[in-house]
Amino acid sequence: MEKVYIAPSALSADFGKAAEQFKLLEESGIKYLHLDVMDGIFVPNISFGQVVIKSLRPHTHMVFDVHLMITEPERYIDDFVKAGSDYITIHYEATKDPAAVLDMIRARGVKAGVSVKPGTPAEVLLPLIDHADMFLVMTVEPGFGGQRFMADMMPKLEALRKAIDQSGKDIILSVDGGVDPVTAPVAVKAGARLLVAGSSVFKGDIQGNIKALEKAIG
Ligand code: DX5
Ligand code: ZN
């Protein structure tokens, strides 16, 4: 099996101590940092944007996995490229032509991801298999950290795992929402290889939490 990675979600970090906390992540061997951008329209919450991402960029070597929960993300791709994103993930539901936006991201030398909300079926992603480097399955309604993992999303991960394997493409299958030491192995069993985890990493002892997650996924 492909290696499983944890992507801590900066949404749950303490931004006053971001550099310090990112150092702890790196010391624990973390490779991906998930950055949640929310516009208060696509989701009922506002987080941070390209200015914050750009200011975080010099403080870590981690791969920036930017999750855009914004309407018509095509308006801001250039900004998030310039801010230093390594992956930019858009929402299938947020734009009229997801394939075109994925192509736009790739044309700028950045990896392109596409995510589905819990109510959107996995099948909509299948025609995008030639346009994407990452599929992201939401296991909570996007907008907030600390929600409960929706185990009924596992058939979506399983269907996408199968499609990716059959295609032979190098697409990362990621899962986001409510991932903790109990739910992480469930998501991995269903096919996820990049586990986004916010509150279960940043609440309390960061390095201890990462160890607990790693132990749970074996
Ligand atoms: C939710 C975000 C998530 C969030 C996850 O809309 O996309 O990345 O930070 O937080 P937890 O792990 O606490 O569910
Ligand atoms: Zn996210």
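Both ligands and their constituent atoms are indexed starting at 1 by order of listing.
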N or O pair under 3.5 Å between [X] and ligand 1:
X: Gly146; result: yes
X: Met38; result: no
X: Glu141; result: no
X: Gly143; result: yes
X: Ser200; result: no
X: Asp36; result: yes

Against heavy atoms of [X], which atoms of ligand 1 measure under 4.0 Å?
X: His67; result: 7 (O)
X: Ala197; result: 12 (O)
X: Met69; result: 6 (O), 7 (O)
X: Met138; result: 7 (O)
X: Gly177; result: 14 (O)
X: Leu11; result: 9 (O)
X: Pro142; result: 6 (O)
X: Val196; result: 8 (O)

For [atom], what's the nearest protein heavy atom and its distance?
atom: atom 9 (O) of ligand 1; result: Ser9 OG, 2.8 Å
atom: atom 12 (O) of ligand 1; result: Gly198 N, 2.7 Å
atom: atom 1 (C) of ligand 1; result: Phe144 O, 3.6 Å
atom: atom 14 (O) of ligand 1; result: Gly178 N, 2.8 Å
atom: atom 5 (C) of ligand 1; result: Asp176 OD1, 3.5 Å
atom: atom 13 (O) of ligand 1; result: Ser199 OG, 2.4 Å
atom: atom 10 (O) of ligand 1; result: Gly145 CA, 3.5 Å

(message) Are more than 12 heavy atoms, taken from residues, nucleotides or ligands other than Tyr76, located less than 6.0 Å from that residue's OH atom?
(response) no
(request) Tell me, yes or no, whether the heavy-atom count around Tyr92 atom OH, taken from other residues, nucleotides or ligands under 6.0 Å, exceeds 12. (result) no
Give a yes/no verdict on a cation-pi contact between [X] and [Y], requiring under 6.0 Å between NZ or CZ and the six-membered ring centre and an angle within 45° of the axis.
X: Arg57; Y: Phe64; result: yes
X: Lys117; Y: Phe42; result: yes
X: Lys3; Y: Tyr5; result: yes

(message) When you measure from the side chain of Asp176 to the backbone of Val196, do you find a donor-acceptor pair of N or O atoms at a distance under 3.5 Å?
(response) no
(request) Look at the side chain of Ser85 and the backbone N and O of Phe80, then say whether any donor-acceptor pair between them is shorter than 3.5 Å. (result) yes
(message) How large, to 10°, is the angle at the Zn ion (ligand 2) when you draw lines to NE2 on His34 and to OD1 on Asp36?
(response) 90°
(request) Among Glu26, Gln21, Lys23, find the residue that satisfies the side chain to side chain donor-acceptor pair (under 3.5 Å) test when tested with Thr60. (result) Glu26
(request) Please report the C-alpha distance between Leu160 and Leu125 in whole Å, then the side-chain angles of each, then the deciding distance to 0.1 Å, and finally whether the side chain to side chain contact (heavy atoms under 4.5 Å, CB included) criterion is met. (result) CA-CA 8 Å; Leu160 292 168; Leu125 298 182; 3.9 Å; yes
(request) Evaluate the side-chain proximity of His34 to Leu11: yes if any heavy-atom separation is below 4.5 Å, no if none is. (result) no
(message) Would you say that Val110 contacts Asp86 through its side chain, given a criterion of any heavy-atom pair below 4.5 Å between the two side chains?
(response) no
(request) Just give me the atom name: the N, O or S atom of Asp176 closest to the Zn ion (ligand 2). (result) OD2
(message) Quick check: of its N, O or S atoms, which one does His67 have closest to the Zn ion (ligand 2)?
(response) ND1
Would [X] and [Y] pass as an ion pair if we require N to O under 4.0 Å?
X: Lys111; Y: Asp65; answer: no
X: Arg161; Y: Glu2; answer: yes
X: Asp130; Y: Lys169; answer: yes

